[in-house]
Amino acid sequence: MTLSEELIWRGFLNQMTFATGEELDREKRTFYMGFDASADSQAVGNLAAMMFILTFIRHGYDPVLLTGGSTSLIGDPKDTAERQLQTEETIAHNTECARKQIEKIFAGRKFKMVNNLDWTREVKILDFLRDVGKNFSMTNLVQRDFIAQRMGEGGSGISFAEFSYTLLQGYDYQYLYDTYGVTLQLGGSDQWGNCLSGVDLIRKTRGAEVHAVTLNLVINKSTGRKFGKSEEGTIWLNETKTSPFKFYQFWINSDDEDVEDYLKIYTELEKDVIDKITAGHCESPSSRSAQKALAHEVTTLVHGPARTKAVERATDALFGGLGYAQLTADDFKELATELPVIEAANNAEIADILVTAGLASSKTEARRFLTDSAVYINGSQFSSEKTTLDAADTLHGYIVLRRGKNVTALVKLA
RNA sequence: GCAGAGGUAGUGAAGCGGUCAAACACAACAGACUGUAAAUCUGUCGGCAUUCGCCUUCGAAGGUUCGAAUCCUUCCCUCUGCACCA
């Protein structure tokens with residue numbers, strides 16, 4: 001498969017400045033893509049962008065990966081409202097986090113990492129206005145969707161800082177063109193306008209033709225919403241923000257109709273492999289083989305093979321056919337690394353334990369769960385007369401306490 | 001700065017002196033059903049005590065009243081006009 005064929009097959013392509021996809025196949029370019037540093041971890045949404053980049057790398061393109069140390073100080077305008085400015089320290093910290101994560105995902109590949117703060121910090125305001133600002137038409141800027149929305153009736157207004165964000169990004173492209181010969185910028189579909197800022201700027205100031213390709217936003221087909229959030233919120237790549245276990249669960253829980261799309265986007269598996277997986281999945285959707293393959297691949301990419309294996313074992317223990325009574329002490333040790341473990345006194349009230357374990361937010365709620373029979377001890381429901389936990393409930397020193405379908409904790413009696 | 005409108009539980013939105021822990025919708029949570037799915041049905045959805053009940057909430061602080069989310073005062077914030085600026 002050529003690059004353009006693969007991009008289309010995987011469903012990445014959104015918009016591009018190339019007239020035809022074949023132009024992408026003709027010349028191996030040096031390209032860049034920016035990563036936002038407004039949060040201290042990249043999320044599943046950014047992971048799609050990384051997979052997009054990996055596709056280009058596999059086809060011989062050279063990547064320059066940029067962290068937005070300067071642009072995140074300003075913030076890309078949203079459609080709704082002005083962003084809260086973050087401190088320089090926070091952004092510096094986030095930029096560093098982004099760098100580490102990117103280096104982890106791209107380990108073993110050839111790539112350059114840059115931080116746009118390095119060349120933006122010293123720029124003089126007058127130089128910037130003359131060299132960059134002069135090349136942007138106010139009329140065009142004002143017509144941009146988000147800016148028009150923010151400035152129009154019912155809009156929340158927009159500061160000059162956010163208004164001029166796109167010039168900064170355009171300037172980045174120009175700098176990278178000058179310094180590394182970058183002639184292609186990749187971005188999310190929401191970045192199309194900002195990518196074009198650079199394309200136009202370079203045409204005007206350097207007389208050169210450079211390009212931009214954007215990637216489709218990943219959509220959860222069944223909800224129609226942007227992909228990458230669970231009920232508990234964003235799925236992060238950082239394991240302290242989203243544990244590998246939760247991360248793995250997130251993928252396992254993918255909807256049937258989305259699984260094939262996700263396999264194409266979030267794994268590097270080739271077409272015949274993916275075809276085989278989806279065929280198997282269609283035969284018996286209940287085995288969830290496609291979800292398992294997806295979860296395995298993505299978790300391995302983000303958290304490494306060892307963690308993935310551990311998480312898979314823990315998952316088997318929690319959701320597989322095995323009863324808890326059949327688990328070994330070692331299995332429990334594994335579970336203990338993935339689930340919250342809390343200590344409780346012998347004969348402690350179950351309602352209190354639910355609260356301390358975070359399975360209920362208050363004692364009143366805990367009581368509700370109990371009367372709703374939403375609580376399970378070692379996988380089974382129990383009579384309402386039982387209100388405390390004691391040594392008779394332990395298995396290898398632990399009690400598995402679950403609320404609802406997916407929220408589980410281990411209890412250790414003191 | 002001036003004038004108008006408004007700030008109610010996760011969101012939207014009723015309520016405009018007592019029967020308001022606050023209608024309704026959505027979201028969320030749980031149970032049944034399931035494939036750790038979707039849909040559907042049922043229940044829950046401030047806290048403590050699960051007996052009556054008690055406590056904390058309706059932007060904030062005061063006040064009026066037997067009694068306030070509801071009335072008054074001050075303050076904070078948001079929106080819409082106008083003005084300023086161009």
Side-chain angles (χ1 to χ4, degrees), chain A residues 80-82 84 138-139 142 149-160 163 219-227 229-235 243 245-262 277-278 280-296 299 311-324 335 338-339 349-352 354-377 379-388 400-409:
Chain A
T80 48
E82 189 80 6
Q84 186 71 36
M138 191 69 187
T139 328
V142 166
Q149 242 178 79
R150 293 267 296 270
M151 299 200 340
E153 207 160 309
S156 59
I158 185 166
S159 68
F160 180 71
F163 175 79
I219 298 288
N220 181 324
K221 279 182 187 157
S222 36
T223 61
R225 293 222 197 93
K226 199 171 141 184
F227 175 70
K229 305 224 180 205
S230 72
E231 284 99 45
E232 292 110 64
T234 306
I235 300 296
S243 78
F245 181 78
K246 282 230 177 68
F247 188 83
Y248 182 85
Q249 289 295 312
F250 172 76
W251 296 101
I252 278 282
N253 283 321
S254 302
D255 297 324
D256 291 346
E257 58 169 326
D258 292 320
V259 154
E260 186 179 350
D261 288 355
Y262 298 163
I277 292 172
T278 49
H281 178 253
C282 286
E283 253 171 58
S284 65
S286 61
S287 69
R288 308 164 71 73
S289 51
Q291 279 91 342
K292 278 179 191 158
L294 173 69
H296 176 84
T299 312
V311 167
E312 283 173 330
R313 277 202 303 272
T315 299
D316 250 7
L318 281 180
F319 302 108
L322 283 182
Y324 291 103
L335 278 179
E338 299 300 340
L339 295 174
E349 260 196 71
I350 296 174
D352 288 325
L354 286 170
V355 176
T356 48
L359 302 186
S361 61
S362 68
K363 202 167 173 183
T364 300
E365 190 178 65
R367 285 213 178 91
R368 262 198 303 273
F369 286 136
L370 286 168
T371 56
D372 286 350
S373 33
V375 181
Y376 304 76
I377 294 173
S380 39
Q381 295 178 319
F382 51 95
S383 97
S384 57
E385 281 139 49
K386 181 175 177 59
T387 58
T388 61
V400 185
L401 195 62
R402 191 175 103 218
R403 185 216 85 207
K405 282 175 189 163
N406 297 339
V407 197
T408 309

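All values below were derived from every heavy atom in this structure, side-chain atoms included, with hydrogens, water molecules and symmetry-related copies excluded. Numbered from 1 within each chain, the chains take letters A, B, ... in sequence-line order.
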Distance between [atom1] atoms of [N] and [M] (Å, rounded):
{"N": "B:A21", "M": "B:U70", "atom1": "C1'", "value": "15 Å"}
{"N": "B:G46", "M": "B:A23", "atom1": "P", "value": "9 Å"}
{"N": "B:U56", "M": "B:U73", "atom1": "P", "value": "27 Å"}
{"N": "B:C52", "M": "B:G59", "atom1": "P", "value": "30 Å"}
{"N": "B:A5", "M": "B:A25", "atom1": "C1'", "value": "24 Å"}
{"N": "B:U8", "M": "B:C24", "atom1": "C1'", "value": "14 Å"}
{"N": "B:U36", "M": "B:A69", "atom1": "C1'", "value": "43 Å"}
{"N": "B:G18", "M": "B:U64", "atom1": "C1'", "value": "16 Å"}

Please report the interatomic distance [atom1]([X]) to [atom2]([Y]), rounded to the nearest 0.5 Å.
{"X": "A:Lys292", "Y": "A:Leu294", "atom1": "NZ", "atom2": "CG", "value": "13.0 Å"}
{"X": "A:Tyr262", "Y": "A:Gln291", "atom1": "OH", "atom2": "CD", "value": "10.5 Å"}
{"X": "A:Phe245", "Y": "A:Leu339", "atom1": "CZ", "atom2": "CG", "value": "5.5 Å"}

Rounded to the Å, how far apart are [X] [atom1] and [N] [atom2]?
{"X": "A:Arg367", "N": "B:A49", "atom1": "CZ", "atom2": "C1'", "result": "7 Å"}
{"X": "A:Trp251", "N": "B:U36", "atom1": "CH2", "atom2": "C1'", "result": "17 Å"}
{"X": "A:Ile252", "N": "B:U34", "atom1": "CD1", "atom2": "P", "result": "21 Å"}
{"X": "A:Gln291", "N": "B:U36", "atom1": "CD", "atom2": "P", "result": "11 Å"}
{"X": "A:Asp256", "N": "B:A39", "atom1": "CG", "atom2": "P", "result": "13 Å"}
{"X": "A:Glu365", "N": "B:A30", "atom1": "CD", "atom2": "C1'", "result": "10 Å"}
{"X": "A:Asp372", "N": "B:C45", "atom1": "CG", "atom2": "P", "result": "9 Å"}
{"X": "A:Phe382", "N": "B:G31", "atom1": "CZ", "atom2": "P", "result": "12 Å"}

Sort out the partner of [N] for me: Watson-Crick or G-U wobble, both distances under 3.5 Å, none otherwise.
{"N": "B:G12", "value": "B:C24"}
{"N": "B:A69", "value": "none"}
{"N": "B:G1", "value": "B:C82"}
{"N": "B:C75", "value": "B:G59"}
{"N": "B:G43", "value": "B:C29"}
{"N": "B:A37", "value": "none"}

Looking at every non-hydrogen atom in both residues, tell me the closest pair between [X] and [Y] and how far apart they are.
{"X": "A:Ile252", "Y": "A:Ala295", "result": "CG1-CB, 3.7 Å"}
{"X": "A:Ile277", "Y": "A:Ala290", "result": "CG2-CA, 3.6 Å"}
{"X": "A:Val407", "Y": "A:Leu359", "result": "CG1-CD2, 3.4 Å"}

Is [X] near enough to [N] that one of its side-chain N or O atoms lies under 4.0 angstrom from OP1 or OP2?
{"X": "A:Lys292", "N": "B:U36", "answer": "no"}
{"X": "A:Ser362", "N": "B:C48", "answer": "yes"}
{"X": "A:Ser373", "N": "B:G31", "answer": "no"}
{"X": "A:Tyr376", "N": "B:G31", "answer": "yes"}
{"X": "A:Lys363", "N": "B:A49", "answer": "yes"}

(request) Kindly say whether A:His296 contributes a backbone atom to a donor-acceptor pair with the side chain of A:Thr299 at under 3.5 angstrom? (result)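 Between the backbone of A:His296 and the side chain of A:Thr299 there is no qualifying donor-acceptor contact (under 3.5 Å).
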(message) Under 4.0 Å, counting only non-hydrogen atoms across every strand here, what does A:Ser254 touch: a base, just sugar-phosphate, or nothing?
(response) nothing
(message) At 4.0 Å (heavy atoms only), tell me whether A:Tyr248 reaches a base, stays on the sugar-phosphate, or touches nothing.
(response)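 Nothing, no nucleic acid heavy atom in range.
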(request) For the side chain of A:Arg403, starting at C-beta, report the closest nucleotide among B:A30, B:U50, B:G35. (result) B:A30
(message) Please pick, from B:U36, B:C48, B:U44, the nucleotide with the shortest atom-to-atom distance to any side-chain atom of A:Thr364.
(response)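 Side chain of A:Thr364 sits closest to B:C48.
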(request) Identify, between A:Ser361 and A:Arg288, the residue whose nearest nucleotide on RNA chain B lies closer to the 5' end. (result) A:Arg288
